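The structure displayed is predicted, hence computed values, not measured ones. Every number for a ligand or one of its atoms is a count from 1 in the order of the listing.
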Amino acid sequence: MNPASPFLELEQGPRVSVTFDGAQLELPEGANLAAALLAAGVDVLRHTPVSGAPRGPFCMMGACFDCLVEIGGVVRQACMVEVSAGMDIAKPRGDADGPV
Ligand code: FES
């Protein structure tokens, strides 16, 4: 992963198709996923399991876990993942809308 700011790479390189909760997005290939989702207007990546409060990327360095998403059914920190073609991204199922 590129150690520079995750926001510097958002304007460069080819775009690839991914889905987030079923909606198709075109994100920069190889970019930091959390930064790319924010730049695409997706600022709520999960809801807390108890209160259902919305959460989105905060620390961008793997410390806060507010950026948790499911990628192909596996829960990951979006700020620790690079964008690749065909990613199937969703809010984690343990949110207020689903089982814990
Ligand atoms: S934004 Fe804090 S862990 Fe990803």
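- Near ligand 1, residues P57, F58, C59, M60, G62, A63, C64, F65, C67, Q77, C79 come within 4.0 angstrom through at least one heavy atom.
- For the 3.5 Å distance criterion, the side chains of S17 and E26 qualify, holding a donor opposite an acceptor.
- Applying the side chain to side chain contact (heavy atoms under 4.5 Å, CB included) test to A23 and every residue at least two apart in sequence or in another chain returns nothing.
- A distance of 12.0 Å separates CZ of F20 from CE of M87, quoted to the nearest 0.5 Å.
- Under the side chain to side chain contact (heavy atoms under 4.5 Å, CB included) criterion, L10 pairs with F7, P28, A31, A35, A36, A39, not counting sequence neighbours.
- For the side chain to side chain contact (heavy atoms under 4.5 Å, CB included) test, residues two or more places apart in sequence or in another chain that qualify with D43 are L38.
- In terms of heavy-atom proximity, K91 sits nearest to L45 at CG-O, 3.2 Å.
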